[in-house]
Amino acid sequence: MTVTKGFLTERTDLKEANFIGGLLLWILSSYIFYAFFQIYREVFRFFIGQYGDEVLLVLTPTENYLYNAFYAALASALGFFIAIRFVLQNCANNHDWRTKSLIRRTLNAESLNSWYFLYWFGKLGSIFAIWYMTSSLQYDLDLMKEFPLMLVLLPLVLFYSIWPNLSRLIRTKKVFWFLRITGIFLIMSFGFAFKNFTDYQAINSRNLKHSINYTFDLNVPFSQSYERIDRQWKSIDVYVVKYTLETDQSVIFFENIQDRVNLQNIQNVLISERERHFYYEQYQITVNLHIDTRISMNYINPILDELRKSNLRRIQFSTGRKYSRYPAEYPSFKYYGIQKVLPFYSPQFVDFLDSAEQIDLKEKRFKLSESLMYRNGMLKNYNRIGIKVSADFILLNNQIIDSIDLEQKVYSFIKRYSPNYVIILNSDDDITYGRYIEVLDILWTQIDRLRNEMSLSLYNQQFDTWYWEPERDIIKRQFPRNILEWSTEEKRLIELIKKAGKR
């Protein structure tokens, strides 16, 4: 066999028509892939927007473009594979068996890379979609901020994965072809990214308008002490938000943004919701209150009275966690907060007060028998201190005290006298809800601290690790939450006693 000059650098015969057809096919297939990826993303965002406060994915213009560029780069890489297959298959019959073998090897590598990528990309995309919907992954994983290099390298690795085999076919002017196809790849990736097949801002608006937190800029307070509503199906969500930032007007929502209620009819709504449960479950319902920190307590207290009238006395002030890296609106915090039981509401006691207030009791004395309708008479059986909260200061037994000293005083008092103690908490009506929760959290935290110390001392175990075990009940009985806040009726009774001259 005669050896011919240049046999080691024999070129693959690629016709000009094949190049033009391959380029057009590359652009068209890349555009179709990009449209599919972007529409899939927007459908996913639209679907999970149904969850409202649970999962809320909103894209800024910058985020939208960068994610578009990522999808466009992936689409360009996949489109390049299709174009290469078209070009090589049309020229495979014009070469010797060695070149044909190399072409088949290149096509096999293209098939392997593209199908493996689509398989794993689809699988991981499904896993992330489920994870986002169930675990609010957007608060734990931000690919753009935490793994930007991955978003850059993944399309590049996919695109250049076929180059080792392809370069053996090109043989000459490899740098020229490498730069040319790279330029086309980059132009399509960044050019397609400007194209939006859906109105992503409309989806943003749709998601936001279904969220009470975002629509009304709901700022719930943070607390160090918290408990969790375990039976979430036995809870009722009530939102109290500021209607506008310019005024003090507040608005109440029941469960979601579509169900707005007034203070006058909230009792009827709550009773209807309570009666939807079985009779034995009605007294286990917890009303989960999501209240803006800026709202005044003179608006919150009437709502609490309506809950008592509805015989829904178990409540939770929903709060974010102090010292947590998550924001207050983190969905898992929705069922965490400070829990308490409101005083019993007695219509008979109200009737008595209405009648007594019509009588001139000045300089008169009267004696009330002990009753479950009011708790004024129980104080004589307990060691007690009084805390008064105003907008500017805190009084402990009529002495001004700061928050740090209050923590230590409360801790020492409870440790010394518990369980035979009571803390009387009075708060001015004009303080904000955030101020109220701040002081309430101090009291709750000291009780948690003592419970944990006892648990570690006796059982060498953190208190919050107990669940239904008897040890938990033993510790709670030793350090109960004996925090007394006068109800509206009890405050009226105290005023009557003062008018009657009894001190």
Side-chain angles (χ1 to χ4, degrees), residues 23-86 110-111 113-139 141-148 150-159 184-211 214:
L23 179 59
L24 294 176
L25 185 60
W26 185 3
I27 296 173
L28 179 61
S29 57
S30 298
Y31 194 75
I32 294 173
F33 275 119
Y34 170 64
F36 171 79
F37 287 149
Q38 190 193 93
I39 293 174
Y40 177 83
R41 181 197 69 188
E42 293 304 299
V43 169
F44 168 70
R45 287 206 308 133
F46 179 86
F47 174 75
I48 65 174
Q50 299 290 336
Y51 286 79
D53 295 337
E54 293 296 327
V55 180
L56 197 63
L57 295 182
V58 178
L59 294 178
T60 64
T62 301
E63 290 174 334
N64 177 70
Y65 178 78
L66 292 178
Y67 278 122
N68 283 355
F70 170 71
Y71 292 131
L74 292 178
S76 297
L78 294 174
F80 178 67
F81 291 165
I82 295 176
I84 287 298
R85 174 171 289 273
F86 169 80
E110 174 273 323
S111 297
N113 293 338
S114 58
W115 285 110
Y116 263 25
F117 169 78
L118 290 174
Y119 173 76
W120 286 108
F121 189 73
K123 177 177 286 189
L124 290 176
S126 301
I127 292 174
F128 274 101
I130 296 172
W131 203 353
Y132 263 89
M133 288 188 289
T134 57
S135 303
S136 304
L137 193 63
Q138 70 271 23
Y139 292 97
L141 179 63
D142 190 330
L143 294 175
M144 189 174 295
K145 293 181 179 179
E146 298 179 27
F147 303 99
M150 184 197 73
L151 297 180
V152 174
L153 292 180
L154 182 60
L156 291 177
V157 170
L158 177 66
F159 177 70
I184 297 173
F185 168 75
L186 294 176
I187 290 173
M188 285 197 297
S189 298
F190 291 103
F192 287 168
F194 288 102
K195 173 63 178 177
N196 289 300
F197 293 93
T198 59
D199 188 350
Y200 77 96
Q201 292 181 336
I203 297 177
N204 285 348
S205 300
R206 181 188 178 280
N207 288 348
L208 290 175
K209 75 177 183 181
H210 284 82
S211 169
Y214 283 86

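One is the number of the first residue; the rest follow in order along the sequence. Since we're looking at a predicted model, the values are computed, not measured.
For residues 73-83, no residue pair satisfies the side chain to side chain donor-acceptor pair (under 3.5 Å) rule, not counting sequence neighbours. Under the salt bridge (Lys or Arg N to Asp or Glu O under 4.0 Å) criterion, no residue pair touches residues 23-38, with sequence neighbours excluded.
Listed by chain and number, the residues in a ring pair (Phe, Tyr, Trp, His ring centres under 6.0 Å) with F197 are Y31, Y34 (sequence neighbours excluded). Residues meeting the ring pair (Phe, Tyr, Trp, His ring centres under 6.0 Å) test with F190, sequence neighbours left out: none. Residues passing the side-chain hydrogen bond (donor to acceptor under 3.5 Å, both in side chains) test with D199, sequence neighbours excluded: none. Legend: residues meeting ring pair (Phe, Tyr, Trp, His ring centres under 6.0 Å) with Y119, ordered by chain and number and at least two apart, are absent. For I184, the side-chain contact (heavy atoms from CB on, under 4.5 Å) test picks out L23, W26, R180, M188, with sequence neighbours left out. Considering only residues two or more places apart in sequence or on other chains, L156 meets the side-chain contact (heavy atoms from CB on, under 4.5 Å) condition with V152, Y160, F185. Every side-chain contact (heavy atoms from CB on, under 4.5 Å) that L24 has, sequence neighbours left out, goes to I20. Checked against ring pair (Phe, Tyr, Trp, His ring centres under 6.0 Å), F70 has no partners two or more places apart in sequence or in another chain. Evaluation of the salt bridge (Lys or Arg N to Asp or Glu O under 4.0 Å) rule for R41 yields no partner, not counting sequence neighbours. The side-chain contact (heavy atoms from CB on, under 4.5 Å) test applied to I82 returns L25, S29, F33, not counting sequence neighbours.
Scanning all heavy atoms of the two residues, the minimum distance from R45 to V58 falls at NH1-CA, 3.9 Å. In terms of heavy-atom proximity, P61 sits nearest to Y200 at CA-OH, 3.3 Å. Of all non-hydrogen atoms in S189 and A72, the two that sit nearest each other are O-CB, 3.2 Å. Contact record, P155 with A73: CB-CB, 3.4 Å, taken as the closest heavy-atom pair.
In this structure, L74 CG and F36 CZ are separated by 12.0 Å, a value rounded to the nearest 0.5 Å. For the atom pair CD1 (I39) and CG (N196), the distance works out to 11.0 Å, reported to the nearest 0.5 Å. Annotation: the span from F159 atom CZ to L153 atom CG amounts to 14.5 Å, rounded to 0.5 Å. Taken to the nearest 0.5 Å, the CD atom of E42 stands 8.0 Å off from the CG atom of N204.
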Full working for ring pair (Phe, Tyr, Trp, His ring centres under 6.0 Å) between F117 and F81: CA-CA 12 Å; F117 169 78; F81 291 165; 8.7 Å; no
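Under the 3.5 Å distance criterion, the side-chain polar atoms of N68 are left unmatched by any main-chain donor or acceptor of Q38.
Residues L78 and L118 form a side-chain contact, since some pair of their non-hydrogen atoms from C-beta on lies under 4.5 Å apart.
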